[in-house]
Amino acid sequence: MTAPLTDRFAELHAPAHWRAVEFISDLHLQASDPTTFAGWQRLLQRPAAERADALFILGDLFEIWVGDDVLSPTNRSSESVFLRHCTTLLHDLSRHTPVFFMAGNRDFLFGTDGLRASGMQALDDPTVLDFMGQRWLLSHGDALCLADTDYMRFRAQVRTPAWQTTFLAQPLAEREAVARGLREQSEARKRSHAHDPTLWADVDTPAARQWLQRADAPMLIHGHTHRPASHELGDGLQRVVLSDWDAAASPPRAEVLRLSAAGLQRLPLKTA
Ligand code: MN
């Protein structure tokens, strides 16, 4: 799962003119949640004065992505129309603001056609961002939830080129059915653990510390767990967890993490 210690993590060096960057993750965009979509659209279409110099999407932007062929105009399902609309909005933003995309466990099949359609630049998981004279380790976070051994086995399997080639060769409707099944399984598991939050897999502290030491970075920024917080990991190491988005919940959950000379700020989404 993790690369040998001698391997270096991918690195992204911020251009010298960047003053602020923003991170979001776990929006789980889907046609059936227009409220969250509307909030996200407002974020993308802010006036220039409010925007950061780059937007980093750290996984699970989409509730599910079963292959880039959902973007084909011959696909008239409401979900396909919705996803095409999302990629068009991203492409509009990418004309003036770089948008970086790291895959999550829901949208790891987002591929080169999706990147082209959305104007986003792919990031490895993890990636070290070199910005403001510091190193920041970015990840979706699922690879560090080691206690969920079933999921770790599943992850190792579905991230292989062989599994993906076989899966993508199936007709779109079959892939959508498989995805629905997996989602129901995962929801059922969450429900069965709902009575005891300690059973929800969280980021493994020793593994996070090991990644940070290897990255020579003091801070890990990640999503996935839907538990926004900042954690001290010892020896000056920290991890900061992004909020998931559910703008229809009360109170609404939707937040941008902004990094600038002012430090890290959690900015709640402005409601319309
Ligand atoms: Mn996730």
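Atoms within a ligand are numbered from 1 in the order they appear, just like the ligands themselves. Hydrogens, waters and symmetry mates play no part in the numbers below; they use all other heavy atoms, side chains included.
Side-chain atoms of Gln30 and His28 include no donor-acceptor pair closer than 3.5 Å. Side-chain polar atoms of His140 and Asp60 form a donor-acceptor pair below 3.5 angstrom.
Partner of Thr225 under the side-chain contact (heavy atoms from CB on, under 4.5 Å) criterion, chosen from Val241, Leu242, Asp142: Val241.
Within the 4.5 Å cutoff, the side chain of Arg183 has heavy atoms near those of the Arg106 side chain. No side-chain heavy atom of Phe100 sits less than 4.5 Å from a side-chain heavy atom of Thr127.
Of all N/O/S atoms in His224, ND1 sits nearest the Mn ion (ligand 1). Residue Asp60 approaches the Mn ion (ligand 1) most closely through its N/O/S atom OD2.
Inclusion of Ser25 in the first shell of the Mn ion (ligand 1) is not supported: no N, O or S atom falls under 2.8 Å. None of the N, O or S atoms belonging to Asp26 lies under 2.8 Å away from the Mn ion (ligand 1).
Taking the Mn ion (ligand 1) as the apex, the angle formed with NE2 of His140 and OD1 of Asn105 is 90°, to the nearest 10 degrees.
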